[in-house]
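Each remark here refers to the structure printed beneath this line.
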Amino acid sequence: MNMETLVSLAKRRGFIFQSSEIYGGTGSCWDYGPLGVELKNNIKRVWWRDNVHLRPDMVGLDASILMHAMVWKASGHVDHFTDPMADCRACKRRFRADQLDAGPWVHYCAAKAGNKFEVPAGEPCKHCGSRRTLCPACGKGELTEPRQFNLMFKTFMGPVEEDAAITYLRPETAQGIFVNFDNVLQSMRLKLPFGIAQIGKSFRNEITPGNFIFRTREFEQMEIEYFVNPKDTVNGRPADEYWHERWIEDRLAWYQRYGIHPENLRLREHGKDELSHYSKRTADVEYRFPMGWSELEGIANRTDYDLTQHARFSGKSLTYFDEERKEHVVPYVIEPSAGADRSLLAFLVDGYAEEEVRGEKRVVLRLHPELAPIKIAVLPLLKKRDEIVATAQAVRADLARRWVAVYDDTAAIGRLYRRQDEVGTPYCVTVDVQTVGDPEKREAGDQQVTVRDRDSMGQIRVPIGELTSVFERLFSGEGWTAVAARYPPRRVRGNVRA
RNA sequence: GCGGGAAUAGCUCAGCGGUAGAGCGCCAGCCUUCCAAGCUGGGGGUCGCGGGUUCGAAUCCCGUUUCCCGCUCCA
């Protein structure tokens, strides 16, 4: 599996198109096509259901993308979300200019000709006063002047482009939750621990976007801020550490529940040196993408950093009153922050399979039935028979009230199946002559159709009247094997091409 | 942003100074009683974009945009 194959499939089958393609494309932006938007909506819907509706301790939120500029001052993004970068003119490597002094460096001092010596970490040369100027990787090249990379999109509120009107497109949805902490607390009568979930677009001027939809400058996050009382203990551990561990386990399990192979998932603990300025501990859920292990979701313990900062900058109290201790506390927050686009990419990559069937290559997207863009395809075996076509269209219309169901008659049955396999449709329904009967042979129809399973390619005969209950069982997770056992396999009446 | 590679039909690619091609896919018709069948026909490309050289440029030169691989970063 390589990314190019997937990019090609995604475009060919209407999942993902490059943004503004007719104008030559625009960097790092991608559009979700008819099937892509279904898939993405399904991912967001099951995430919301599992993390908000099914839990008694979670509520949702949808904050605006544009916020008061002070939000980003308080959050630290204006000051910390910038990286001064310097490039080596010789080996072309790039470095964080603020981390160049981290190690000792070899210095050819101009003030003391012929002298080459090592300067200790963090110190300037005591002879000439200069700091590190040569590349720490190759030791030869001069470094360029540090250039400031601001990762936030700057824009103007209102039509006048003046400094007072500057604000930012949010670089994370999290801050919308923090600034609404008190509103949600007051209106929903919540007790710690509780969480607020939000799905929405965020924007970062990434230095290097790429790898298809993996790193883009406009992306969609699925974030949870789970507030806990840091003074509580659970199972003998501080509440924030306990819940952090719980969320790490829950989130890892979530990806597996929707079909990601366990061997393609792992947890990676952040080292002390790579922790964000607000984080006490962070663990990443990583997926084995075609380009290597990369982050799907970061689960951070943000402590009381954000609420404290916003309280300080806004002058508003952002505390929770602990009834038992009769005191105000600033909650700690655990943040499971997932990428919707990255999840979608992982589900595509993980579901993609090529197998050999009768000497032909079969491409199948083994998407979890809840995620599949199309749930059921209803197909006529023969499109020249009006009764077959009419019955198939009626069956589709009936099923479409409950599930995304499509009708297709533009090819022979084998090709129709393969097309549906390639876009991950879990089940097909085929209407044939037996279903509707054959007037010329005075045969009556049996009103039964073939239901075909994507993964096993198994087929059963099901009365049209029982289709809804069969699909209810299949989509509730009962499994093909269990459901198929109640129905006869399709009777083979010969195959003219065999 | 730097270095390297690439850009021709929906997809994969050939053509590399002289009338834009193939395979697959797509559409239509015929045929066909269940896993990418066959036959016939069809639509579709100002060869990424803009300049230049030339009688003539997909082809050579310059610029530019986008994608891919590294550096780097994160959801």
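Sequence lines set the chain letters: A, B, ... in the order given, protein chains first and strands last, and positions in each chain run from 1. Computed over heavy atoms, backbone and side chain alike; hydrogens, waters and symmetry mates excluded.
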Contacting residues from residues 30-47 of chain A, given that a heavy atom lies under 4.0 angstrom of RNA chain B
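Going residue by residue through residues 30-47 of chain A, none turns out to have a heavy atom under 4.0 Å of RNA chain B.
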Could you tell me the Watson-Crick or G-U partner of [N], where both distances fall under 3.5 Å? Say none if there is no partner.
{"N": "B:U33", "value": "none"}
{"N": "B:A7", "value": "B:U65"}
{"N": "B:C26", "value": "B:G42"}
{"N": "B:G70", "value": "B:C2"}

Atom [atom1] of [X] and atom [atom2] of [N]: how far apart are they, to the nearest Å?
{"X": "A:N51", "N": "B:A75", "atom1": "CG", "atom2": "P", "result": "18 Å"}
{"X": "A:E218", "N": "B:C74", "atom1": "CD", "atom2": "C1'", "result": "16 Å"}
{"X": "A:R415", "N": "B:G25", "atom1": "CZ", "atom2": "C1'", "result": "8 Å"}
{"X": "A:E356", "N": "B:C35", "atom1": "CD", "atom2": "P", "result": "17 Å"}
{"X": "A:D421", "N": "B:A36", "atom1": "CG", "atom2": "C1'", "result": "10 Å"}
{"X": "A:F347", "N": "B:A75", "atom1": "CZ", "atom2": "P", "result": "19 Å"}

Check: A:F153 ring centroid to A:Y168 ring centroid under 6.0 Å
no
Please tell me whether A:Y287 and A:W293 form a close aromatic pair, meaning their ring centres lie under 6.0 Å apart.
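No - the distance between ring centres of A:Y287 and A:W293 does not fall below the 6.0 Å cut-off.
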Please determine if a side-chain N or O atom of [X] lies less than 4.0 Å away from the OP1 or OP2 oxygen of [N].
{"X": "A:N211", "N": "B:C74", "value": "no"}
{"X": "A:R419", "N": "B:C26", "value": "yes"}
{"X": "A:T410", "N": "B:C27", "value": "yes"}

For a quick test of reading the model, state the closest non-hydrogen atom pair linking A:K375 to A:P369 and the distance between them.
NZ-O, 2.8 Å
From the set B:C67, B:C74, B:C35, return the single nucleotide nearest to any side-chain atom of A:Q18.
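Shortest atom-to-atom distance from the side chain points to B:C67.
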A:M457 has its side chain closest, among B:A36, B:A75, B:C35, to B:C35
Which of these, A:Q175, A:Q309, A:R170, A:H77, sits in a side chain to side chain contact (heavy atoms under 4.5 Å, CB included) with A:V71?
A:Q175
Residue from A:L365, A:T425, A:V364 passing side chain to side chain contact (heavy atoms under 4.5 Å, CB included) with A:R454
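In the set A:L365, A:T425, A:V364, the residue that makes a side chain to side chain contact (heavy atoms under 4.5 Å, CB included) with A:R454 is A:V364.
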Does CD belonging to A:E249 count more than 12 external heavy atoms closer than 6.0 Å?
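Atom CD in A:E249 is crowded, with more than 12 foreign heavy atoms closer than 6.0 Å.
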Using the P atom as the reference point in each nucleotide, state the distance between B:A57 and B:G25 in Å, no decimals.
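Looking at atom P only, B:A57 and B:G25 are 36 Å apart.
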Return the polar atom pairs (N/O with N/O) between nucleotides 7-12 of chain B and the protein under 3.5 Å, or none.
from: B:G10; atom 1: O3'; to: A:K11; atom 2: NZ; distance (Å): 3.4
from: B:C11; atom 1: OP1; to: A:K11; atom 2: NZ; distance (Å): 2.5
from: B:C11; atom 1: O3'; to: A:S8; atom 2: OG; distance (Å): 3.2
from: B:C11; atom 1: O2'; to: A:S8; atom 2: OG; distance (Å): 3.2

A cation-pi test, strictly: NZ or CZ of A:R342 under 6.0 Å from the centre of the six-membered ring of A:F214 and no more than 45 degrees from its axis. Yes or no?
yes
Under 3.5 Å side-chain donor-acceptor pair for A:D350 and A:Y255
no
Measure from the side-chain N and O atoms of A:E223 to the backbone N and O of A:A174, and report whether any donor-acceptor pair falls under 3.5 Å.
yes
Categorize A:R362 for me: base, sugar-phosphate, or nothing, with a 4.0 angstrom heavy-atom threshold over every strand shown.
nothing
Report which part of the nucleic acid A:D341 touches: base, sugar-phosphate, or nothing (heavy-atom distance under 4.0 Å, all strands).
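Touches nothing.
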Hits for side-chain hydrogen bond (donor to acceptor under 3.5 Å, both in side chains) against A:R12, two or more places apart or cross-chain, chain-then-number order -> A:E422
Stacking between A:F219 and the base of B:A75 (centre distance under 5.5 Å, interplanar angle under 30°)?
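Answer is yes, a stack.
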